[in-house]
Student: 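Supplied in structure tokens, the structure appears directly below.
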Amino acid sequence: QLEYVESGGGLVQPGGSLTLSCTTAGFALNNYAIGWFRQAPGKEREGVSCISSSHGSTYYTDSVKGRFTISRDNAKKTVYLQMNSLTPEDTAVYYCAAGKTGPNIQTMCKMTAGLGPQVGAWGKGTLVTVSS
């Protein structure tokens, strides 16, 4: 069964940190680029950060550069998102998904945000709330 199970969200004060985890099942994660996406209330889903299958390329949306770090452990079929210096603007439901093939990792990330995962469907996500 193809699935993504996101975890690690919660309520955190501005300036705090969280680490999100996404465990995948039903497909060979090592063959795919994968990323983290988020959707805030009333907004479209956006690509936050993506990583290539070979770990060689990463993409971060401008608003998280220098604060978030994506990593993957293919043996554990898990992808992580370390989030530091969180702000209220980071409040959203966070999802992970294997990516649509594109010419580069940035394109893959944006395409997947708009078109959905290349394998399976969006999971339930994990809610991150940044508030004092």
Side-chain angles (χ1 to χ4, degrees):
Q1 180 178 356
L2 296 171
E3 65 175 0
Y4 306 92
V5 180
E6 300 93 349
S7 62
L11 174 64
V12 63
Q13 292 187 340
S17 298
L18 284 173
T19 300
L20 305 183
S21 299
C22 170
T23 301
T24 66
F27 66 99
L29 176 61
N30 55 295
N31 290 338
Y32 293 89
I34 192 162
W36 284 95
F37 306 83
R38 67 186 178 187
Q39 188 165 23
K43 295 187 177 181
E44 294 185 351
R45 200 184 321 251
E46 69 167 333
V48 176
S49 180
C50 293
I51 185 169
S52 64
S53 58
S54 64
H55 305 231
S57 298
T58 56
Y59 163 79
Y60 297 92
T61 194
D62 286 344
S63 63
V64 309
K65 285 180 180 177
R67 300 189 298 121
F68 291 10
T69 303
I70 190 170
S71 61
R72 60 190 292 166
D73 185 333
N74 288 337
K76 295 183 178 179
K77 306 193 76 173
T78 301
V79 61
Y80 305 95
L81 187 68
Q82 173 67 45
M83 306 187 296
N84 298 324
S85 302
L86 286 161
T87 73
E89 289 68 37
D90 296 315
T91 295
V93 179
Y94 285 70
Y95 306 85
C96 70
K100 298 289 186 183
T101 301
N104 54 59
I105 195 67
Q106 177 178 348
T107 301
M108 164 264 164
C109 217
K110 292 183 176 182
M111 287 175 61
T112 303
L115 300 176
Q118 187 167 9
V119 292
W122 295 108
K124 295 181 179 180
T126 186
L127 176 63
V128 172
T129 303
V130 185
S131 175
S132 55

Student: Applying side chain to side chain contact (heavy atoms under 4.5 Å, CB included) between Y4 and each of T23, V79, V119, report the one that passes.
Tutor: V119
Student: May I ask you to test the Y80-D73 pair for a side-chain heavy-atom distance under 4.5 Å?
Tutor: yes
Student: At their closest point, which heavy atom of K76 faces which heavy atom of T78, and how far apart are they?
Tutor: O-OG1, 2.8 Å
Student: Anything under 3.5 Å between a donor and an acceptor, one on a side chain of residues 81-98, the other on a protein residue two or more places apart or in another chain? List them.
Tutor:
{"residue": "Q82", "atom": "OE1", "partner": "T19", "partner atom": "OG1", "Å": "2.4"}
{"residue": "Q82", "atom": "NE2", "partner": "N84", "partner atom": "OD1", "Å": "2.8"}
{"residue": "N84", "atom": "OD1", "partner": "S17", "partner atom": "OG", "Å": "2.9"}
{"residue": "T87", "atom": "OG1", "partner": "E89", "partner atom": "N", "Å": "3.3"}
{"residue": "T87", "atom": "OG1", "partner": "E89", "partner atom": "OE1", "Å": "3.2"}
{"residue": "T87", "atom": "OG1", "partner": "D90", "partner atom": "OD2", "Å": "3.4"}
{"residue": "D90", "atom": "OD1", "partner": "R38", "partner atom": "NH1", "Å": "3.0"}
{"residue": "D90", "atom": "OD1", "partner": "R67", "partner atom": "NH2", "Å": "3.0"}
{"residue": "D90", "atom": "OD2", "partner": "R67", "partner atom": "NH1", "Å": "2.8"}
{"residue": "D90", "atom": "OD2", "partner": "R67", "partner atom": "NH2", "Å": "3.4"}
{"residue": "D90", "atom": "OD2", "partner": "T87", "partner atom": "N", "Å": "2.9"}
{"residue": "T91", "atom": "OG1", "partner": "P88", "partner atom": "O", "Å": "3.0"}
{"residue": "T91", "atom": "OG1", "partner": "V130", "partner atom": "N", "Å": "2.9"}
{"residue": "Y94", "atom": "OH", "partner": "R38", "partner atom": "NH1", "Å": "2.9"}
{"residue": "Y94", "atom": "OH", "partner": "D90", "partner atom": "O", "Å": "2.6"}

Student: At their closest point, which heavy atom of A121 faces which heavy atom of P117, and how far apart are they?
Tutor: C-CG, 3.9 Å
Student: Let me confirm one number: the SG-CD distance from C22 to E6, rounded to the nearest 0.5 Å.
Tutor: 5.0 Å
Student: Using the rule that two of Ile, Leu, Val, Met, Phe, Trp, Tyr join whenever any of their side-chain heavy atoms come within less than 4.5 Å, decide whether V5 and V128 are in one cluster.
Tutor: no
Student: How long is the span from the OG1 atom in T58 to the CZ atom in F68, to the nearest 0.5 Å?
Tutor: 14.0 Å
Student: Could you list all the side chain to side chain donor-acceptor pair (under 3.5 Å) pairs where at least one residue sits in residues 105-127, not counting sequence neighbours?
Tutor: T101-Q118, N104-T107
Student: Which pair of heavy atoms, one from N74 and one from S53, lies closest together, and at what distance?
Tutor: ND2-O, 4.0 Å
Student: Give a yes or no on whether Y59 and I34 share a hydrophobic cluster (residues Ile, Leu, Val, Met, Phe, Trp, Tyr; joining criterion: side-chain heavy atoms under 4.5 Å apart).
Tutor: no
Student: CZ of F27 to CD of E3: how many Å apart, nearest 0.5 Å?
Tutor: 10.0 Å
Student: Okay, side chain of S21, backbone of S7: is any donor-acceptor separation there less than 3.5 Å?
Tutor: no
Student: Looking at A33 and I105, what are the two nearest heavy atoms and their distance?
Tutor: CB-CD1, 4.0 Å
Student: Applying the 4.5 Å side-chain criterion to the ILVMFWY set and letting contacts propagate, would L18 and F37 be lumped into a single cluster?
Tutor: no
Student: What are the two closest non-hydrogen atoms of M108 and G99, and how far apart are they?
Tutor: CE-CA, 3.0 Å
Student: Ignoring hydrogens, what is the shortest heavy-atom contact between W36 and I70? Give both atom names and the distance.
Tutor: CD1-CD1, 3.8 Å
Student: How far does SG of C109 sit from OH of Y60, to the nearest 0.5 angstrom?
Tutor: 10.5 Å
